[in-house]
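Structure first, commentary second.
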Amino acid sequence: KVYRASTTAPVNIAVVKYWGKRDPKLNLPTNSSLSVTLSQSDLRTLTTASCSAAFPSSEGDSLVINGEPSDVSGARTQACFRALRSRRAALEAADPNLPKLSQLSLRLVSENNFPTAAGLASSAAGFAALVRAVADLYGLPDEPRELSRIARQGSGSACRSLFGGYVAWRAGSAADGSDSLAEQVAPAAHWPEMRALVLVVSAARKGVSSSSGMQQTVGTSGLFAERVAAVVPRHMDAMEAAIRDRDFAAFAEVTMRDSNSFHATCADTYPPIFYMNDVSRAAIRAVEAINANAGRTVAAYTFDAGPNAVVYYLEQDTEAVIGTFYHVLGDMDGWKAPVIQGLKPSMT
Ligand code: DP6
């Protein structure tokens with residue numbers, strides 16, 4: 001008999017960024033963060049987890065991503081497997097009739113429906129799907145909150161992909177990470193007009209991985225202390241209020257300020273880290289032009305650890321935002337298709 005479970009997890013894009021670990025081993029962040037989870041029909045990872053006594057135990061656990069075998073020996077993946085297995089083992093200990101799945105090796109097969117060329121960080125959707133697929137396979141009763149604690153150990157941003165809509169990852173203060181988990185701030189239906197546009201500046205892999213980049217920033221940037229102590233707490237409060245009030249101008253200002261603040265701490269890292277390039281900066285100017293033309297704030301840019309822009313806007317402003325973007329950037333050097341537009345917040 002082969003036991004099997006499949007699940008999907010969507011991509012999330014932070015509007016208040018996670019950058020910095022206070023405990024790299026447990027993957028605990030220096031600050032809280034907040035993101036919008038995009039809809040599954042747009043960008044998601046589909047993962048199938050299976051196990052069977054018929055799989056040779058010498059094989060060990062395995063993971064195939066988009067058809068390519070992937071290494072599972074890394075500490076992050078191992079931490080997730082360990083946490084999930086020990087929960088299953090507890091169920092098996094309580095009910096001797098349950099098959100001993102915790103003792104079998106796991107086979108995971110994972111696929112992204114978005115073009116790798118989109119250059120989007122896939123670790124968030126990837127680890128969220130991995131954790132939920134194995135939790136389903138094991139029949140774990142855990143709430144998304146609990147699973148977010150496990151997914152966080154795989155990749156910090158993954159904990160936010162276990163919820164749809166508007167999601168906060170509370171940094172927490174406990175040394176063991178027990179209070180560092182994600183929660184939904186508002187469901188997608190609270191503000192369903194939100195849209196995201198991904199501007200693909202480059203599909204190339206990022207130069208400095210976020211894990212290593214953020215620890216270089218923690219270790220060397222003077223600005224970073226200010227970001228953690230004052231800037232992020234202010235942005236978290238303002239962002240939660242903006243979402244509560246469906247105030248796009250406030251949402252947009254905090255989103256852009258927080259992206260700028262994060263990239264400023266990267267530039268203040270020694271030696272400096274540059275994720276944005278000239279095309280990214282042109283996209284910022286384009287958003288400013290779009291807002292100036294409209295006479296109000298209709299678009300907000302944000303950049304993760306790479307040059308691609310994500311632009312948030314509201315459905316009713318699609319024309320003003322998309323039309324102008326093509327106009328401003330249409331024949332610019334260094335601009336690459338695809339532009340992925342119209343992404344909605346996830347309903348789950
Ligand atoms: C810039 O979640 O990829 O996208 O925990 O080391 O796996 P690890 O880092 P990761 O970092 C994401 C950083 C970011 C901001 C964000 O998503 O909040």
Side-chain angles (χ1 to χ4, degrees), residues 9-38 43 45 70-71 74-80 118-131 148-163 166-172 177 180-182 185 196 198 205-219 221 224 227-228 231-232 235-236 239 254-267 269 273-276 280 301-310 312:
V11 165
N12 74 75
I13 303 290
V15 288
V16 177
K17 305 292 187 193
Y18 150 50
W19 195 251
K21 301 171 200 281
R22 68 171 194 273
D23 181 333
K25 219 167 159 251
L26 295 176
N27 219 21
L28 299 176
T30 48
N31 56 267
S32 296
S33 55
L34 203 150
S35 57
V36 182
T37 297
L38 302 180
L43 310 168
T45 302
S70 175
D71 183 22
R76 311 277 204 94
T77 313
Q78 286 300 317
C80 292
L120 288 163
S122 52
S123 69
F127 273 104
L130 177 148
V131 168
S148 83
R149 219 193 318 251
I150 301 177
R152 183 204 79 223
Q153 298 172 56
S155 181
S157 53
C159 73
R160 299 185 309 239
S161 272
L162 285 159
F163 295 87
Y166 302 82
V167 185
W169 172 14
R170 308 292 176 195
S180 186
L181 35 83
V185 169
V198 182
R205 280 191 78 79
K206 52 192 162 195
V208 183
S209 76
S210 28
S211 287
S212 124
M214 63 177 80
Q215 288 320 85
Q216 291 169 38
T217 302
V218 171
S221 164
F224 181 72
R227 171 167 166 79
V228 168
V231 176
V232 171
H235 287 175
M236 285 297 289
M239 184 54 79
V254 177
T255 297
M256 295 187 280
R257 281 185 180 276
D258 196 77
S259 176
N260 296 346
S261 156
F262 152 46
H263 290 279
T265 67
C266 291
T269 301
I273 304 171
F274 304 115
Y275 288 119
M276 291 192 282
S280 316
Y301 57 79
T302 185
F303 297 83
D304 282 339
N308 298 338
V310 174
Y312 282 109

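Computed from a prediction, not measured in an experiment: that's the story for all the values here. We count ligands from 1, going down the list as the structure has it; atoms in each ligand are counted the same way. Heavy atoms only: backbone and side chains are in, while hydrogens, waters and symmetry mates are out.
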> Can S211 and Q215 be counted as having a side-chain donor-acceptor contact under 3.5 angstrom?
Replying inline: no
> Judging by distance only, is a nitrogen or oxygen of N12 under 3.5 angstrom from one on ligand 1?
Replying inline: no
> Which ligand 1 atoms does S210 reach within 4.0 Å, using its non-hydrogen atoms?
Replying inline: 3 (O), 9 (O), 10 (P), 11 (O)
>> Checking S35 against S157 for the side-chain contact (heavy atoms from CB on, under 4.5 Å) test, could you report, in this order, the C-alpha distance in whole Å, the side-chain angles of both residues, the deciding distance, and whether it holds?
In response: CA-CA 9 Å; S35 57; S157 53; over 6 Å; no
>> Here's a test for you: under side chain to side chain donor-acceptor pair (under 3.5 Å), which of S32, S148, S180 qualifies with W169?
In response: S180
> Of all heavy-atom pairs between A182 and C159, which one has the smallest distance, and what is that distance?
Replying inline: CB-O, 3.2 Å
>> Between N260 and Y301, is there a side-chain donor-acceptor contact under 3.5 Å, judged purely by atom types and distance?
In response: yes
>> Looking at every non-hydrogen atom in both residues, tell me the closest pair between V131 and C80 and how far apart they are.
In response: CG2-SG, 4.1 Å
>> Is the contact between S211 and ligand 1 made by the side chain, the backbone, both, or neither, using heavy atoms and a 4.0 Å cut-off?
In response: both
> For ligand 1, which part of R160 has a heavy atom less than 4.0 Å away: the side chain, the backbone, both, or neither?
Replying inline: side chain
> Backbone, side chain, both or neither: what part of S123 comes under 4.0 angstrom of ligand 1, heavy atoms only?
Replying inline: side chain
> For S155, is at least one N or O under 3.5 Å away from an N or O on ligand 1?
Replying inline: yes
>> Ring-plane angle category for Y275 and F262, please: parallel below 30°, perpendicular beyond 60°, tilted otherwise.
In response: tilted
> Can you name the nearest heavy-atom pair linking M236 to S33, along with the distance?
Replying inline: CE-O, 3.5 Å
> Which ligand 1 atoms are under 4.0 Å away from a heavy-atom of M214?
Replying inline: 9 (O), 11 (O)
>> How close do N12 and A124 get, counting heavy atoms only, and between which atoms?
In response: ND2-CB, 3.8 Å
> Taking only heavy atoms of G156, which atoms of ligand 1 are found under 4.0 Å from at least one of them?
Replying inline: 2 (O), 5 (O), 7 (O), 8 (P)
> Is the closest heavy-atom distance from R152 to ligand 1 below 4.0 Å?
Replying inline: no
>> Contact between ligand 1 and F262 is defined here as a heavy atom of the residue under 4.0 Å from a ligand atom; is it met?
In response: yes
>> When you compare ligand 1 with G154, is there at least one nitrogen or oxygen pair between them that comes in under 3.5 angstrom?
In response: no
> Which of the atoms in ligand 1, numbered in the order shown and given with their element, are less than 4.0 Å from a heavy-atom of N27?
Replying inline: 5 (O)
> Just heavy atoms, cut-off under 4.0 Å: does I13 contact ligand 1 by side chain, backbone, both, or neither?
Replying inline: neither
> Can you name the nearest heavy-atom pair linking R76 to Q153, along with the distance?
Replying inline: CD-O, 3.4 Å
> What atoms in ligand 1 come closer than 4.0 Å to a heavy atom of A14?
Replying inline: 16 (C), 17 (O), 18 (O)
> Which of the atoms of ligand 1 are close to R76, meaning less than 4.0 Å from one of its heavy atoms?
Replying inline: 6 (O), 7 (O), 8 (P)
>> Can you name the atoms of ligand 1, numbered from 1 with element, that are less than 4.0 Å from a heavy atom of K21?
In response: 5 (O), 6 (O), 8 (P)
